[in-house]
Amino acid sequence: MRICIIGGSTAGWWAAGYIEKHMPECEIVLYESPDIPHLGVGESTLPQIKTWFDGLGINEDDWFDKCKAVKKFGNWKQGWDSPTGEPFTLRFWYDTGEFDKMMADPQMWEYKPGYDKRPNKQKFWDKIETNYDYAFHVCAESSGEMVKQICERTETRVETLDKLPSGFDLYLDCTGFGRKFVRDFTEMPISKYHKVDSAWVCPMEKEGECANVTKSIARRYGWQFQVDLENRTGMGYIFSSKHVSNKEALLEFREMFGDIEPEWWHENQLKGFRKRTPLKEPRLLQWKPMVLANPWSDNVVALGSAAGFVDPLEATALFNLQSGIMNLVKCLQRDYSPKVYNRQMRNIWRDSLRFQECHYVLSQREDTGFWRQITEERPKYSKLLWDYYKKYSSEFANIFPSGIWAQQGLYFNTHKEYYA
């Protein structure tokens with residue numbers, strides 16, 4: 001089989017490396033355009049990333065420093081439950097029955113005037129006696145370059161293609177948001193609550209010790225991420241362009257890293273705040289939130305953001321990329337049809353989007369039109385969250401297993417329905 005990969009960056013070289021390793025009989029040619037810049041944004045990952053590098057035959061000690069990596073023990077949340085809410089970290093904790101036992105303990109609940117009884121979140125973590133899994137912060141661009149260095153049989157051609165070159169059995173479209181060679185643009189249905197479609201991003205000078213968590217802070221028209229790497233801090237503001245202009249969002253982003261004195265923040269949001277020094281000018285990224293229903297159509301397979309991009313929340317972007325590559329190789333090895341591959345990828349996308357969706361709808365925020373429109377079905381989603389907790393229990397079959405759903409329920413105080 002002759003495989004043509006169009007696009008260099010992370011998606012292209014990850015695909016080349018994995019195919020070389022697991023399909024050594026293939027002939028691979030990768031076209032890398034000199035005219036299209038890489039995104040170059042620091043990436044947060046999920047624990048499944050370890051499986052990916054193991055599958056490439058690369059030990060953690062070998063790739064950790066090359067990818068400027070930092071171990072990640074969870075996702076630090078602030079402002080999602082309410083603008084003045086206390087921070088809460090969702091850890092990579094796999095529930096083996098402890099959660100229901102603890103929630104049945106009356107000492108785990110607290111009573112506050114004017115509120116229904118709520119679980120004491122701090123007591124919950126104090127009581128847990130288990131090891132947590134971990135993921136990483138990695139420089140996506142460096143990880144692509146590292147895999148490029150271990151590729152031995154991939155022929156590289158530096159050229160910007162306007163049409164598919166002849167003579168190949170399969171083409172992998174890794175052209176990002178451009179989706180330059182996608183054959184079938186039919187979109188998979190996604191929730192109407194996926195409203196963010198833009199981002200201001202900027203690398204910052206790293207200050208102090210690296211945070212071993214991804215910081216996800218809800219803001220007026222979306223949310224802010226902060227990802228520490230060994231050599232820098234990736235920071236960005238993910239927002240809805242339908243609710244705030246690019247110019248206004250940039251001003252808000254500059255307030256976040258201290259370029260402008262923040263006047264509107266609640267006092268609680270300033271805890272731990274320190275001014276950051278940008279390494280470059282902020283860059284605007286824009287996309288249409290969508291997922292291809294059939295990323296493999298005819299002899300073209302879309303990978304990475306070419307296959308879809310909705311929201312970088314909860315670090316699913318690299319996971320969806322690695323899943324797309326691994327499932328493609330399995331389908332080719334077993335002679336499965338594109339129909340099988342497309343069904344697998346739609347299921348993976350649904351799994352990742354469902355968790356993101358609950359972050360928005362279950363929020364108690366009503367400070368802007370963005371949040372008021374999103375949270376209109378809060379009671380319905382309170383029930384759905386606990387349905388997902390029961391249904392998606394396996395850490396092997398689901399991106400976010402029951403222990404992760406249970407923590408989200410704790411954070412958003414959705415226990416009234418479940419523990420009625």
Side-chain angles (χ1 to χ4, degrees), residues 9-10 37-45 49 64-80 87 89 134-146 196 198-239 244 246-287 305 309 311-318:
S9 200
T10 311
H38 299 165
L39 285 179
V41 179
E43 288 275 13
S44 179
T45 68
I49 192 72
F64 192 88
D65 288 333
K66 292 179 182 178
C67 293
K68 315 299 181 187
V70 171
K71 281 191 175 181
K72 168 190 170 182
F73 294 100
N75 291 292
W76 189 90
K77 307 289 179 184
Q78 186 173 16
W80 292 90
T89 300
Y134 63 91
F136 302 94
H137 296 161
V138 300
C139 174
E141 191 172 17
S142 295
S143 73
E145 186 64 29
M146 180 194 66
V196 297
S198 305
W200 283 106
V201 298
C202 187
M204 304 286 172
E205 281 188 6
K206 187 173 77 69
E207 298 179 2
E209 295 295 321
C210 291
N212 291 109
V213 291
T214 297
K215 293 189 175 182
S216 304
I217 306 167
R219 299 299 188 190
R220 289 185 291 180
Y221 303 103
W223 62 282
Q224 171 196 351
F225 70 80
Q226 186 171 313
V227 178
D228 283 350
L229 300 173
E230 284 184 357
N231 61 333
R232 68 173 189 270
T233 296
M235 190 175 288
Y237 180 27
I238 315 297
F239 64 94
V244 64
N246 295 337
K247 183 178 180 181
E248 291 171 320
L250 177 58
L251 291 175
E252 193 175 351
F253 181 46
R254 291 174 62 193
E255 289 175 345
M256 292 173 195
F257 63 79
D259 190 32
I260 299 175
E261 186 69 28
E263 298 177 353
W264 56 270
W265 281 359
H266 296 279
E267 182 180 352
N268 204 42
Q269 289 177 297
L270 288 171
K271 290 180 180 178
F273 172 79
R274 61 178 182 267
K275 187 173 181 179
R276 299 274 181 172
T277 303
L279 297 174
K280 296 180 180 179
E281 285 296 311
R283 190 160 45 114
L284 180 65
L285 306 176
Q286 294 180 297
W287 64 90
S305 53
F309 191 87
D311 190 332
L313 182 65
E314 288 300 312
T316 58
L318 283 183

Rounded to the nearest 0.5 Å, what separates atom CD in E255 from atom CD in Q224?
11.0 Å
With sequence neighbours excluded, residues passing salt bridge (charged side-chain N to carboxylate O under 4.0 Å, His left out) with E314:
K77
With sequence neighbours left out, what residues match E205 under side-chain hydrogen bond (donor to acceptor under 3.5 Å, both in side chains)?
none
Counting only pairs under 3.5 Å, give me each side-chain donor-acceptor contact of residues 64-71, with atom names and distances, residues two or more places apart or in other chains.
none

Under 4.5 Å between any side-chain heavy atoms of N75 and V213, yes or no?
no
Going by the rule ring-ring contact (aromatic ring centres under 6.0 Å, His included), which residues pair with Y221 if we only count those two or more places apart in sequence or in a different chain?
none
Test item: T10 and S143 side chains (from C-beta on) under 4.5 Å apart, heavy atoms:
yes
If you apply the rule side chain to side chain contact (heavy atoms under 4.5 Å, CB included), what do you find for K215 with Q78, and how did you get there?
CA-CA 8 Å; K215 293 189 175 182; Q78 186 173 16; over 6 Å; no
Quick one: pull up SG in C210 and CZ in R232 and give me the separation to the nearest 0.5 Å.
11.5 Å
Sequence neighbours excluded, which residues qualify as ring-ring contact (aromatic ring centres under 6.0 Å, His included) partners of F309?
F177, W287
Report yes if the side chains of L250 and P282 come closer than 4.5 Å at any heavy-atom pair, otherwise no.
yes
Could you go through N246 and W200, starting from their C-alpha distance and side-chain angles, then the distance that decides it, and tell me whether this counts as side-chain hydrogen bond (donor to acceptor under 3.5 Å, both in side chains)?
CA-CA 8 Å; N246 295 337; W200 283 106; 5.3 Å; no
Parallel, tilted or perpendicular: rings of Y237 and F239 (30°, 60°)
tilted
Using a 4.5 Å cut-off on heavy atoms from C-beta on, say whether the side chain of E43 contacts that of V227.
no
Of the non-hydrogen atoms in M235 and F253, which two are nearest, and what is the gap between them?
O-CZ, 3.7 Å
What pair of heavy atoms forms the shortest contact from C202 to P278, and how long is it?
SG-CB, 3.6 Å
Taken to the nearest 0.5 Å, the spacing of L313 CG from S216 OG works out to 5.5 Å
I want to check something: taking the side chain as every heavy atom from C-beta on, are I217 and W76 in contact at a cut-off of under 4.5 Å?
yes
Can you spot which of D228, N212, T214 makes a side-chain hydrogen bond (donor to acceptor under 3.5 Å, both in side chains) with H137?
T214
Please report the closest heavy-atom contact between P312 and I238, naming both atoms and the distance.
CG-CD1, 3.7 Å
Sub-4.5 Å side-chain heavy-atom contact between T233 and P203
no
Might you point out which heavy atoms bring A315 and S44 nearest each other, and give the distance in Å?
CB-O, 3.3 Å
Test item: D311 and W223 side chains (from C-beta on) under 4.5 Å apart, heavy atoms:
yes
Measure the spacing between NZ of K280 and CE of M204 and express it to the nearest 0.5 Å.
12.5 Å
Gap separating the CE atom of M256 from the CD atom of Q226, nearest 0.5 angstrom
11.5 Å
side-chain hydrogen bond (donor to acceptor under 3.5 Å, both in side chains) partners for T45, two or more places apart
none
